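Please read all numbers here as calculations on a predicted model, not as lab measurements. A note on names: the letters A, B, ... follow the listed sequences, proteins ahead of strands, and every chain is numbered from 1.
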Protein chains: 2
Amino acid sequence: MRPERPSRGPQPSFSRAALTEAAIRVADAEGLEAISMRRLAAEIGAGTMSLYRYVSGKDDVIELMVDAVVADYLPEGTALSGDWRADLGAMARQARRTVLRHPWLAPLAASRQGASPNRLRLLEASLRMVDGLGLGVDEMLTLIGAVFAYVNGFVQSELAEAEALRRTGLDLKGWTALQAPFMMAAIASGDFPMVARMATEGGRAYADIEERFEYGLERLLNGLATDLPRSAG
Amino acid sequence: MRPERPSRGPQPSFSRAALTEAAIRVADAEGLEAISMRRLAAEIGAGTMSLYRYVSGKDDVIELMVDAVVADYLPEGTALSGDWRADLGAMARQARRTVLRHPWLAPLAASRQGASPNRLRLLEASLRMVDGLGLGVDEMLTLIGAVFAYVNGFVQSELAEAEALRRTGLDLKGWTALQAPFMMAAIASGDFPMVARMATEGGRAYADIEERFEYGLERLLNGLATDLPRSAG
DNA sequence: CTCAACCAGGTACGGCGTACGCAATGGGGG
DNA sequence: CCCCCATTGCGTACGCCGTACCTGGTTGAG
């Protein structure tokens with residue numbers, strides 16, 4: 001909330017922003033579990049305990065990371081077209097791109113929604129997108145919440161496989177080979193005819209992931225649009 | 001995958017199921033971060049390292065927990081009505097209830113989707129719900145995926161506040177009191193008119209959370225239903 | 001009866017978050 | 001101008017964590 005107060009005493013040798021930047025860089029490259037106070041201190045070139053002069057603890061670092069990255073949820077121009085559907089869709093797509101760039105964000109974005117500067121900016125911009133449709137504020141929040149829920153849920157499951165590979169250190173070949181015997185046995189048992197069809201008919205589950213995201217997003221926006229003008233109903 | 005192989009040697013003094021049950025009990029009561037091998041061993045009444053005779057590590061315990069609880073995603077009867085919309089909706093509602101009962105499941109359900117018995121059963125049942133609509137298997141998966149994405153995303157943000165309280169150990173009073181100054185300053189700055197309206201008009205953000213879940217779910221199902229019969233389109 | 005196969009679990013190692021305390025620093029009040 | 005003390009950097013230490021390794025006891029198959 002307030003970064004600088006150098007009234008008296010020596011000058012700080014680094015900044016909260018530099019710490020945040022280093023944390024995001026490490027998490028992007030090696031995952032959230034690579035983030036530790038010692039590691040961050042080494043990255044910054046400082047003593048471990050020095051970090052505590054800038055943040056109150058590890059949770060604070062995480063909060064700073066989320067707030068910094070959430071700024072990218074909004075397309076750069078932030079120009080509202082006046083078409084709520086286009087604006088909300090653009091934000092949803094941008095949000096997905098951002099989370100894909102920072103996979104560690106997926107579980108955090110949904111579960112950490114305390115107030116913070118950029119989250120507040122995002123909320124304000126989102127509300128503006130759906131203003132003037134005859135909705136009350138609570139209804140606007142409900143609408144926006146549905147879109148964010150879909151986006152967060154989708155991207156999280158989209159990242160699931162990649163995260164599993166990263167956690168186990170395996171490649172895709174080894175991972176499917178590890179799962180194969182179980183799947184084979186399940187299919188052979190005859191209790192899972194649909195799964196069996198999936199294994200034979202289903203081409204490539206994750207080939208057109210982009211298309212799958214669009215499919216659900218468009219259907220959701222359609223459904224939301226259908227009975228939208230409550231004021232006119 | 002294979003629990004028992006007591007060909008020779010002494011009898012095991014507990015079971016993988018008992019370990020799983022204890023882990024779920026602890027996580028329900030104190031959160032996922034209360035789960036540690038030492039803690040679970042104490043709960044079971046065993047030595048810490050004895051657990052490793054039953055599971056390969058902590059990740060294995062988590063996997064067992066998820067699989068055990070995911071069984072509850074399916075309503076008890078599992079009787080398909082033939083109405084895909086009703087069936088899918090019922091599963092969505094049941095899934096939400098299950099995750100609310102086990103808050104630690106929220107981030108795991110979306111990100112851990114390796115093959116496991118109950119996850120496979122869930123997949124099979126879900127596919128059966130949307131079979132016979134003229135959709136290919138990949139399209140069925142896309143449709144189901146959209147619903148699960150919404151449910152997971154929604155419940156996760158629904159749990160966010162409660163989880164924040166649990167993490168910090170504060171009650172609702174203290175938490176809002178902690179955020180208040182920041183919000184006040186933001187509103188006073190005049191840069192967030194919509195947020196300001198939210199603070200004055202908006203009654204109670206989380207009062208009718210049930211209704212908000214239904215709102216999004218119904219709109220999503222509507223949107224999915226609209227251009228569903230591709231075979232007839 | 002024998003002994004390989006299985007079990008229980010103690011010890012130990014490297015890593016974590018962070019409470020605490022001490023030495024160094026440098027701007028404001030006298 | 002100089003000294004005081006707020007403020008910074010950070011070493012040490014404590015109590016957690018996951019788990020590799022090893023010893024010693026139990027048991028049923030041969």
Which heavy-atom pair separates A/M37 from A/L51 by the least distance, and what is that distance?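 Looking at all heavy atoms of both residues, the closest pair is O-CD1, 3.3 Å.
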Cationic N near anionic O, under 4.0 Å, [X] to [Y]:
| X | Y | value |
| --- | --- | --- |
| A/R93 | A/E214 | yes |
| B/R121 | B/E124 | no |
| B/E63 | B/K58 | no |
| B/R25 | B/E21 | yes |

Carefully, step by step, assess A/R96 and A/E158 under the rule salt bridge (Lys or Arg N to Asp or Glu O under 4.0 Å). CA-CA 10 Å; A/R96 170 166 173 267; A/E158 179 178 359; 2.8 Å; yes
How many angstroms lie between CG in A/L172 and CD in A/E161, if you round to the nearest 0.5 Å? 5.5 Å
Say you draw a straight line from CG of A/D138 to CE of B/M198; how long is it, rounded to the nearest 0.5 Å?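 These two atoms lie 9.0 Å from each other.
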Contact residues, residues 18-35 of chain A to DNA chain D [heavy atom, < 4.0 Å]: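 None - not one residue of the stretch has a heavy atom sitting under 4.0 Å from the strand.
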Strand contacts (DNA chain D) in residues 43-52 of chain B, 4.0 angstrom heavy-atom criterion: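 Per residue number, the list reads B/T48, B/M49, B/Y52.
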Can you measure [X] atom [atom1] to [N] atom [atom2] for me and round it to whole angstrom units?
| X | N | atom1 | atom2 | answer |
| --- | --- | --- | --- | --- |
| B/K58 | D/dC17 | NZ | P | 9 Å |
| A/Q11 | D/dA6 | CD | P | 19 Å |
| A/M37 | D/dG11 | CE | P | 15 Å |
| A/L40 | C/dC16 | CG | P | 10 Å |
| B/R167 | C/dG17 | CZ | C1' | 16 Å |

Applying side-chain contact (heavy atoms from CB on, under 4.5 Å) to B/V55 and B/R16, what does each step give before you reach the verdict? CA-CA 7 Å; B/V55 294; B/R16 213 185 301 206; 4.3 Å; yes
Quick one: does A/Y73's side chain have a donor or acceptor within less than 3.5 Å of a partner on A/R119's backbone? no
Ring-ring centroid check A/F148 B/F154, cutoff 6.0 Å: no
Under 4.0 Å between a side-chain N/O of B/Y54 and OP1 or OP2 of C/dA8, yes or no?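 B/Y54 to C/dA8 OP1/OP2: side-chain N or O found under 4.0 Å.
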Starting from the first five and the last five pairs of the helix from C/dC1-D/dG30 to C/dG30-D/dC1, work out the angle between the resulting helix axes, to 10 degrees.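 Here the local axes at opposite ends form an angle of 10°.
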Minimum-distance nucleotide to B/R38 side chain [options: D/dG9, C/dC16, D/dC17]: D/dC17
